[in-house]
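This report refers to the structure that appears directly beneath it.
The structure presented is a predicted model; accordingly, all values stated were derived computationally and were not measured. The chains referred to below are lettered A, B, ... by the order of the sequence lines, with proteins before strands, and numbering in each begins at 1.
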Amino acid sequence: MEQSLGQESVPGFGSLDKSKVLDVRPLRRLVPLFPSASNNTSFSTPQGAAPFVCVSPAGPFPPGVAPFFPFFISPESQRPLEQNLQTPSGNASFVFNNPISNAVPINSFRTPPSAEANGDTRTARRLARSRGQPQSQSGNAEEDGFDGENTRKVGSSRSKFRSQKRTRGGQDINVALPDVDIDAIIDNVLTTYTNTFQQTDGDRESLVYAFTSYDLVRRRITQIEEMKERIPGAPRTGRPDLRAGTLFMNKGIRTNAKKRIGAVPGVEVGDIFFFRMELCLVGLHAPTMGGIDYMGVKNSTEEEPLALSIVSSGGYEDSVEDSNVLIYSGQGGNASNDFRRDKEMKDQKLERGNLALEKSLHRGNDVRVIRGLKDVSNPTGKVYVYDGLYKIHESWVDKGKSGCNVFKYKLVRLPGQPEAFTIWKSIEQWKEETTTTRVGLILPDLTSGAENLPVSLVNDVDGEKGPAHFTYISSLQYSKPVNLTEPSDGCLCIGGCLPGNSNCSCIKKNGDFLPYTANGLLVNQKSLLHECGPSCQCPPNCRNRVSQSGLKVRLEVFRTKDKGWGLRSLDPIRAGSLLCEYAGQVLTISGVEEMGGDYEDDYIFDATRTCQPLGVLPGDSTETSKAPFPLIISANTAGNVARFMNHSCSPNVLWQPVLRENKNESDLHIAFYTVGHIPPMTELTYDYGMVPQEKAYHRKKVCLCGSIKCRSFFY
DNA sequence: CTATGTCAGCAGTAT
DNA sequence: ACTGCTGACATAGGT
């Protein structure tokens, strides 16, 4: 699918000699670096680019500059600074361009009832939703004891596992389902939320926390659901997005529960979402399915409904060439997408959302627009982009396909807002055109085909023609094998490892969980992740080999304003996605120490470094990453895109030690996963962390990440 | 592999 | 009680 893209879209670089290494100083550092004497080599870019040798010292961090929050930030240039301002005390000090008028509580914002009321009254029986596996013809299907009501509660006296044998395609598998207490996790999230955050509207930090925890819980529920899928008769919770949503809404782990006209505090133009429930959670758009959100607003005389936000998902043929204009169809009339009613089309009526849009046209209030697009990484799914405020310019009635009346509304984007949807359009073109005229493009693929996707190199900031040249390798290079302390054997899952299979030794090592969801998202950060490796029987596409599959999103090395080169993505990325691993040459400890104090390498990844745990499910696992043995990687002369990732004290990417099963040698890798959803063109950063012992190759550097949590230096 | 169909879901609004 | 620009999967149709 994606594999073919790489070579074909990179014309003219096949002749490049990847073995040529330019020796120039790295750029990601914030300390002044001056041209080294080492000369460039015969490597030449089409533009005759000179290797980059120097990064100007960055001045003191300018006051008032946007603090860096994880996973929401669009490129700085596209953000109005004042939107990110916060007082050090954590009090929200957002600047509202649109004063909130007539904020009204949502009447269904329930106060948290007792934990028992949280949805378990339902008897979700979604039985024959199998993916080809035989359903309950096995005799013991009914006696498994899953009673639906208590599955998620931790039974104090219950055994840790409920398991049963069943045959599947002649192969005996043992399905185990560890008890997981989602309610306890939620309670922990709630405690952190209420204790740590002010929850005043406009506090982006609490919004980010609620939002990130939501997806963590959603992934966790998904993981458990995928195990249950393989146990006949086990009750199915159904959609994890809704399930997690209900829990969060009922507990009040959400922001902006009051409806309002105009901008929503804490939500920034360009923020992306992957579920409609996420829009509800942050107060951007309340209806879980409906396309138009509105509320009654008091006029001088009476109350009238006004439109607040719309979600445009292309379901009603709304598209228009100008991406600042949106033609939106009213709601109603199309009974065809609802099986409960007849399939006839009807005339739309001027009621509900349609009436609100009409009133908003006359009142002239701002309307938030969320654009739904097909998600590249997950073709069945959608990604929602908050495209900022629009105004309704006109409305009319059209005849739909079946001759019925359809209301149409023309919305025009307010000027002066950060770019959001338009940048997506540009990216679409950049990716398709091979002879692109993109400003600042230096190389269409700096990997020269070494990855399955091209990685572009751009600089639209200054005159630098590119980073120091290095050999592009996509994984680790060992000078000699390292012996494992505990030699281990791989698993025997010939068809691939499946969730809940307690016979799989790799799954066992991960605490009986397959650490990834079916679409390859990391469920949670672990101190050490066990993937299948060379000694396993499973195929390369095994679900427990996510970090081995190469790049999945279109990455780009770009020139930052003050931090040298950086890494970003052209594609939107879901929370928990694999980004890449840290490739380079594995150094032996003794080898490094022999080099003594003179050894300087800014491309060192030392797996003994420690970071604040990130993206960890509260109450589930609070471990920080810990490698089972020392691993020092140098990407100085050979490495991959990871070497361009800058440090941040509020990162949007986490690193994770991954052990791939191998009998005789160590096969420890460092893989990077996204903490939250990341919009296109957002710089990707991780926490370089602290090192236990400062050595020659750990030089202290001044941090300019700009986060309110900034520790001011890193290694 | 793209389009259309099926179906349970849920928050919110309307009655 | 009713509504809806869901979301995941299944099936059908196309190249």
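Under 3.5 Å, the side chains of A:Asn519 and A:Thr517 contain a donor-acceptor pair of N or O atoms.
The aromatic ring of A:Tyr328 stacks onto the base of C:dC5, its centre lying under 5.5 Å from the centre of the six-membered base ring with the two planes under 30° apart.
In this model, the phosphate group of C:dT6 is approached by a side-chain N or O of A:Ser313 to a distance below 4.0 Å at OP1 or OP2. In this model, the phosphate group of C:dT6 is approached by a side-chain N or O of A:Lys382 to a distance below 4.0 Å at OP1 or OP2. The phosphate of B:dA11 has OP1 or OP2 within less than 4.0 Å of a side-chain N or O from A:Thr246. Considering only side-chain N and O atoms, A:Tyr384 lies under 4.0 angstrom from the phosphate OP1 or OP2 of C:dT6. Remark: A:Tyr409 is not in phosphate contact with C:dC5, judged by side-chain N or O atoms under 4.0 Å from OP1 or OP2. For the pair A:Gln331 and C:dT3, the criterion of a side-chain N or O lying under 4.0 Å from OP1 or OP2 is not met. Under 4.0 angstrom from either OP1 or OP2 of C:dT3 there lies no side-chain N or O belonging to A:Tyr294.
Of the two residues contacting DNA chain B, namely A:Arg352 and A:Met289, the nearest-nucleotide position lying further toward the 5' end is that of A:Met289.
When the P atom of C:dT6 is taken as reference, atom NZ of A:Lys374 falls 14 Å away, rounded to whole Å. For A:Asp293 and B:dT13, the CG to P distance is 7 Å, given to the nearest whole Å.
In this structure, A:Lys552 does not pair ionically with A:Asp571, as no charged nitrogen and carboxylate oxygen lie closer than 4.0 Å. For the pair A:Glu428 and A:Lys425, the salt-bridge criterion is not met [side-chain N within less than 4.0 Å of a carboxylate O].
C:dT11 and B:dA3 make up a base pair, with Watson-Crick or G-U wobble contacts both under 3.5 Å.
Across all strands shown, A:Thr380 has no heavy atoms under 4.0 Å from either base or sugar-phosphate atoms.
Test A:Arg220, A:Arg219, A:Arg543 against A:Glu226 for salt bridge (charged side-chain N to carboxylate O under 4.0 Å, His left out) and you get one pass: A:Arg543.
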